[in-house]
Structures are given as structure tokens and as C-alpha cells.
Amino acid sequence: MSLSTRIAMSLCGVVLLYGALAMLIQKEVIAPGFVALEREEATEDMARVLAAIQREIDHLDTFCHDWSAWDDTCAYVRDKTEAFETANLTDSTFADYFLNLIYILNTQGEVVWGKIMDFKSHRVIEMEEFPTSRWAITHPLLQHSKAHDTLSGILVTHSGPMLIASRPIVNSESTSPIQGTLIMGRLLDDEGVRRIGDQALVGVKLTMIHEDAGPGRALASSAGARGQYEYKIKDAQTFQISSILADIYGQAGLQVEVSIKRDIMARGQELLRSSTLLIFASGLIALVVALILLRRSVVRPLLVLTGHVARVGKEEDFTALPLSPRRDEIGTLSHEFNRMVGRIQHHAGERSRAESALRESETRLRTIIATAPDGIITVSAEGHVESFNPAAERLFGYAEAEVLGRHISVLMPGNPSPDDSGIPASGAEGLGRRRDGSLFPLLWTFSETLLAGQPLITGMVRDISMLKEMHEKMLRSEHLAAIGEMGASMAHEIRNPLAGISGAVQVLRDGFTPEDARRETMDEVLTQVGRVEAIVRRLLLFAKPWAPRKERVDLRGLVERVSRQAQSRELYAGITFRQEGADALESMADSHLLEQVLWNILGNAADALRGREGGAEVVWTFEGDGDWARIRLKDNGVGIPASAQEQIFHPFFTTKTYGTGLGLLISRRILEAHGGSIGVSSVEHEGTEVTLELPKGL
Ligand code: ADP
Ligand code: MG
């Protein structure tokens with residue numbers, strides 16, 4: 001259930017509860033108040049009615065007294081004078097004073113004058129309650145003992161209730177003895193009852209009670225005795241209050257019923273109804289207003305807040321809350337939320353910075369591993385390969401995926417291991433096996449660490465074949481130097497005796513005639529001595545401790561010059577010379593030593609081409625490659641048998657009758673002294689290519 005529904009429902013509940021409470025209060029407190037009010041009013045009305053009846057009786061009594069205490073009446077009782085009758089006891093007296101009954105009796109109970117009549121129709125009425133000639137002396141109405149005695153009240157007759165007053169007849173000063181009794185009566189007919197009702201401003205109904213119904217209430221003492229009234233709700237419009245009045249004998253004689261219109265109740269009910277309606281209406285208005293206010297001040301900001309929080313959670317949207325600042329809890333909440341989001345954003349920024357730094361360092365590490373010239377292999381404590389970098393891939397010819405999980409001994413077979421893991425000892429030179437099965441010398445070093453509690457062995461593998469080669473080269477040059485030294489001292493020792501021998505043989509030869517056969521022998525000796533001299537010269541050149549004197553050399557020009565000189569010699573007859581490649585190639589070099597090399601390899605090519613029938617050719621090629629200059633010499637001579645290729649650089653190795661076996665060796669020394677190298681590749685019966693490589697050094 002949403003917050004606004006919940007609030008609306010609670011408010012509805014409150015309004016309903018409030019309405020129910022209001023209705024309960026109306027029913028239990030206000031409505032009974034109206035009932036009491038109605039009773040009070042009825043009681044007052046009744047009191048007014050009773051007072052009106054009493055007033056009627058009092059009037060009648062007063063009028064009766066006016067006549068009874070009068071000298072004329074006294075005289076009439078005594079003498080029955082005609083004049084009194086005609087003057088006073090007329091029909092108009094009845095009509096003027098609303099009288100129905102006038103009786104004048106003497107002290108013996110004899111009726112002196114008596115008449116009952118309807119004063120409107122002037123008809124005489126007979127009533128058995130009032131005898132016409134003589135009354136018993138004990139009649140209650142005749143019991144007067146003093147001049148001021150009076151008996152008045154209500155008398156129930158067969159003709160209806162009657163107001164009655166009885167007074168003793170005395171003189172005007174009320175000093176004479178009682179002469180008789182004067183009785184006056186007024187029937188309470190409909191007209192009379194209406195008159196009473198008009199006085200009391202209510203509707204009155206009188207009912208006589210004939211039977212002996214117990215004591216009625218005395219009229220005189222009636223005022224204020226509320227408890228003896230009977231209240232009755234007759235119908236929706238009428239409320240009734242009734243009281244039983246006593247007659248002059250003290251018996252229940254007359255029931256007085258007062259009906260009042262239930263105006264108060266009707267008004268009250270209407271008031272209650274409209275107030276209930278008003279309560280509900282105002283409750284409804286309050287509800288709507290409260291809803292609108294709550295929606296504006298609480299629900300909507302909360303919805304905005306909730307939506308925003310959800311967005312931050314889902315989309316990492318770090319914008320601030322779109323709520324205007326407020327000084328309540330929602331304001332505090334949104335302020336704190338904004339601060340929290342700010343902090344999260346700050347942390348997120350820091351985290352992403354840290355992550356990118358981490359990524360960068362990871363990339364750097366990967367790059368270092370990927371581009372390291374040495375093979376880097378990590379293995380588990382048991383010797384299983386866990387990673388294998390590109391240099392290791394190149395070295396062993398395996399892709400990383402092929403060796404992961406395999407044992408290191410597959411890559412490095414037969415190397416002594418200090419423990420039973422099969423991992424070769426660190427820092428040891430050993431043998432590596434490539435994917436194709438070929439072996440190569442390597443150096444294996446490793447370090448052991450703990451990574452996340454697991455032992456990690458990181459090994460570095462270096463191919464040391466180059467190192468070995470360099471080492472061999474060094475040994476060789478030391479060897480050559482020793483040979484050179486020996487050769488030099490030998491040559492030195494041999495040179496002078498040789499010169500002597502040569503001179504002596506020359507003298508001997510010149511002593512023979514040209515025809516002499518010994519002269520030819522001497523010539524042969526001289527040729528052989530010349531050869532020895534050549535060997536000695538070479539040996540001396542080889543052994544001479546020299547350093548190249550470098551200058552800028554036009555390599556192509558140098559080669560062209562040597563080629564031109566060669567072509568003019570007998571030795572190179574029948575050989576075609578060609579030049580290919582770069583037009584200009586220069587380098588810093590010792591041109592004299594370099595020329596020596598060129599003559600050496602050109603001489604070897606000419607030897608290889610000797611005896612060939614046509615098509616003999618040598619090709620010079622020039623290549624400039626960055627810092628290096630290369631000169632190749634290719635011939636299509638006899639070539640070098642595979643078995644001899646190993647040995648051609650060994651000192652004194654020669655396949656020629658008059659060869660010295662030092663040419664290639666000297667050439668190599670010269671090039672190495674320049675920081676360069678010489679290489680020979682050859683196929684037997686097809687030809688040989690010699691490559692000279694020199695650093696340009698410009
Ligand atoms: P020499 O020329 O005195 O024999 P080198 O050192 O110059 O000594 O050469 C050694 C050997 O290498 C030669 O005897 C020859 O067998 C072989 N050789 C060198 N150059 C060539 C070539 N261009 N063609 C065939 N064989 C060659
Ligand atoms: Mg040679």
C-alpha cells in the first residue's frame with residue numbers, strides 16, 4: 001500500500017471515528033437534554049393550566065363572596081323580596097358572569113332560589129346533584145360556621161365537571177349571624193376548557209373521573225409538585241402531560257391533560273440532523289485539506305526522495321536531490337542524503353581512480369612481462385607451469401596454452417633438481433628442449449615467494465647460445481693470438497736464413513750456363529724458397545699487432561678498384577665481374593686492411609673457378625642496412641663440401657697444393673677488429689657466397 005493511500009485511509013478512519021463520537025454524544029448527551037427540556041416545558045404548561053383553573057375558581061369565589069356578604073342577599077333570604085329577584089337573579093346575570101348555577105339556601109337547607117341554566121341557550125337544566133326544594137342539612141356544601149368560611153373547587157357532576165363556590169350569607173360587614181348559603185357554579189364545557197387553554201396558551205382536555213379512583217391532587221397545592229405528573233409521548237408531534245385533580249370532596253375528580261406540540265423535539269432533532277451533517281461535511285473538508293497539505297508537504301517530497309534514492313541505487317545517478325531546502329525532518333533527510341550521495345560519489349571517484357591506477361600498473365606489469373627479452377615462467381611448488389610469457393614462447397616454440405599445467409621438466413629435461421619437485425636448481429646452466437625436440441643451452445634462475453598463502457616460483461630463462469658462441473670466439477681469438485705470436489717469432493727466425501739461402505742459390509744458379517741442367521734445378525729451389533718467403537710474410541702479417549686506422553671509405557669504389565686490378569692479371573683471366581645493389585656505400589674502416597680482405601676472398605673465388613670451361617663469374621653485391629654495411633661476393637665455382645665447411649676458418653686449413661690456410665682467418669681477424677664479421681655459405685658444385693659485415697660508424 002502506498003504512503004498516500006495509507007494516510008488517506010487513516011484520515012478517513014479518524015473522520016469516521018470523530019463522526020461516530022459526535023453522534024454518540026448527540027444521542028447520549030444532547031438528545032436527553034432535549035427530552036428534559038420538553039418535560040420542563042410541559043411541566044410549566046401544566047402549571048399554567050392549573051393556575052388558570054385556580055384563577056377561574058378564585059374569580060367564581062370572589063364573585064360568590066360579593067353576593068353572599070351583602071345586606072340585600074341577607075334580606076332576600078329572610079323575606080324573599082321580589083325586587084332582589086328581578087334586579088339580580090336574571091338570565092343576563094348568568095350570561096354576563098358565565099354562570100350556570102346560582103343556589104340560595106336558608107339555614108334549614110330549604111332552597112330559597114335555585115336555577116341551573118345554559119347561559120348561551122337560556123335553557124334550564126336539571127341536575128340530580130342539586131335538589132330543587134330542600135337539601136340535607138349535612139350537605140358538604142352547606143357546612144359553614146364562620147362568616148368568612150368558603151368552599152370552592154371542582155365538582156364532578158353528571159353534566160360534566162363544574163367549578164363551584166359556596167359561601168355563607170352574611171351582612172355586608174360580615175358581622176351578622178349566618179343567614180344561609182350562596183352557591184355559584186360554572187360548568188367546564190368545551191368553551192370553558194378552551195378558555196382555560198387560551199389563557200395557558202396550550203391545548204387542554206379535561207376528563208372527569210366518576211368512579212372512586214382514589215385521592216386526586218389538591219389544586220391549591222399543585223404548583224411545583226412535578227413528580228405527580230404523568231408524561232406521555234403520544235406521537236411524533238404530540239407530547240402529553242396529565243394530572244388528576246381532586247374534587248371538593250378530596251376525591252380524584254378530574255383528569256387534566258395538556259397536549260403540547262413537540263416543537264422543541266422537532267427543532268432539536270432537526271438541529272441534531274443538521275449538526276451531524278455539518279460534522280461530516282466539515283470532517284470531509286478537513287480530510288481533503290489535510291490530504292492536500294500532507295501530499296504537498298510530506299508525500300510528494302517523500303516520493304521525490306524515494307524515486308531519487310531508487311535511481312541512485314540502480315543507475316548510480318549522483319545528482320543532488322531536486323528538493324528546495326526546508327527546515328523539517330524531510331529537509332534534514334534530503335540534506336543528509338545529498339551529503340551521503342556526495343560522499344559516495346567522492347568514494348566512487350577515488351575508487352575509479354584507484355582502479356585505473358591499478359589497471360595501469362597491471363598493464364605496465366603485463367607489458368613488462370610480455371616484452372621482457374628473457375623467458376618468464378611461473379611454476380607451482382610441484383613444478384607445474386602456471387604462466388608462460390611471449391619470450392618463453394619464442395624460446396621454446398610452445399604457445400602458452402600448450403604448456404600450462406605441464407611439468408617444467410618437459411621444457412628442461414635432464415637438469416639436476418635439488419629436491420624431488422623436478423624443478424631444476426636456480427642459477428644453473430642447463431639444456432632446454434624446444435617443441436621440435438632440438439636442444440639449446442639456457443640459464444635458469446628463479447625466486448620463490450608466497451602469493452596469497454600459496455608458494456609461487458617465478459623462473460627466468462635465458463638462451464645462452466649467443467653467450468656461449470661469444471665465449472668460444474674469445475677462446476679462439478686467444479688461441480689465434482698465441483698462434484700469431486709463435487708464427488711471428490718463427491717467421492722472424494726463418495726470414496733471415498731464407499734470405500741467405502735465396503742469395504746463395506741465386507749465386508750458384510748464375511754460375512751455371514743456361515744449357516746446364518743444374519741451372520733449372522737451382523730455379524726450382526728458388527721458387528720453393530719464394531713460397532716459404534710468402535708464407536713467412538703472411539704469418540708476419542697475421543701475427544703483427546695492429547689496430548685499424550679508420551677513415552671514411554667508399555666501399556664500392558674500393559671494390560671497383562680491386563676488381564679492375566684483378567681483371568688485368570693472368571690469374572683472373574676468363575672471369576666475368578659484376579656489381580649489384582646500392583650505388584653508394586660508405587663506412588668508417590681501415591682501407592688497407594679491407595683491401596687485404598677483398599684480395600683474399602677474390603683470390604679464393606678465382607681458385608674455385610679455375611679449370612672451369614666458360615661462364616665463370618663473380619658478383620659483388622652492396623647493401624646498406626641502417627647502421628650496417630654489407631658486401632657480398634658470390635662465385636659459381638666448385639663450392640665447399642659440407643664436411644669441410646666447419647674447418648675453413650681453422651688456421652692452416654687448405655685444400656690447395658700451394659695454399660697457406662690463413663686467408664679466411666686473417667680476414668676474420670680484420671673484420672672483428674672493425675666490430676664486424678665474416679660469414680661463408682656454400683653449396684658444393686654450385687658456388688660460394690662470402691658476406692662481409694661492417695658497422696658504418698659514420
Ligand atoms: P687458402 O686459400 O690458402 O687455402 P683460405 O683460408 O683462404 O686458405 O681458404 C681455406 C680453404 O677454404 C680453401 O683451401 C678452400 O678449400 C676453401 N675456400 C675458401 N674460399 C672458397 C671459395 N670461394 N670456393 C671454394 N672453396 C673455398
Ligand atoms: Mg685463400
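Indexing begins at 1, ligand by ligand and atom by atom, following the structure's order.
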Hey, is Asp436 close enough to Arg434 for a salt bridge, meaning N to O under 4.0 Å? no
Between Glu560 and Arg556, does any NZ, NE, NH1 or NH2 come within less than 4.0 Å of an OD or OE carboxylate oxygen? yes
Students should find this: residues with any non-hydrogen atom under 4.0 Å from ligand 1. What is the answer? Asn604, Ala605, Ala608, Asp635, Gly639, Ile640, Ile648, Phe653, Thr654, Thr655, Lys656, Gly659, Thr660, Gly661, Leu662, Gly663, Leu664, Thr688
Report all side-chain donor-acceptor pairs from residues 340-347 shorter than 3.5 Å, counting only partners two or more places apart or in another chain.
from: His346; atom 1: NE2; to: Glu350; atom 2: OE2; distance (Å): 3.3

Non-hydrogen atoms of Ala372 and Ala391 that approach each other most closely: O-CB, 3.2 Å
Please tabulate, for side-chain N and O atoms in residues 607-621, each donor-acceptor pair with protein atoms closer than 3.5 Å (sequence neighbours left out).
from: Asp607; atom 1: OD1; to: Arg610; atom 2: NH1; distance (Å): 3.0
from: Asp607; atom 1: OD2; to: Lys656; atom 2: NZ; distance (Å): 2.7
from: Arg612; atom 1: NE; to: Gly614; atom 2: O; distance (Å): 3.2
from: Arg612; atom 1: NH1; to: Asn636; atom 2: O; distance (Å): 2.8
from: Glu617; atom 1: OE1; to: Arg578; atom 2: NE; distance (Å): 3.2
from: Trp620; atom 1: NE1; to: Ser563; atom 2: OG; distance (Å): 3.0

Tell me if a side-chain donor or acceptor on Asn415 pairs with a main-chain N or O of Leu431 at a distance below 3.5 Å. yes
Is any NZ, NE, NH1 or NH2 atom of the basic residue among Glu595 and Arg561 found under 4.0 Å from an Asp or Glu carboxylate oxygen of the other? yes
Mark yes or no: Arg668 above the aromatic ring of Phe649, with NZ or CZ under 6.0 Å from the six-membered ring centre and no more than 45 degrees from the axis. yes
The Mg ion (ligand 2): which protein N, O or S atoms are under 2.8 Å away? Asn604 OD1
Would you call the rings of Phe396 and Phe440 parallel, tilted or perpendicular, where under 30° means parallel and over 60° means perpendicular? perpendicular
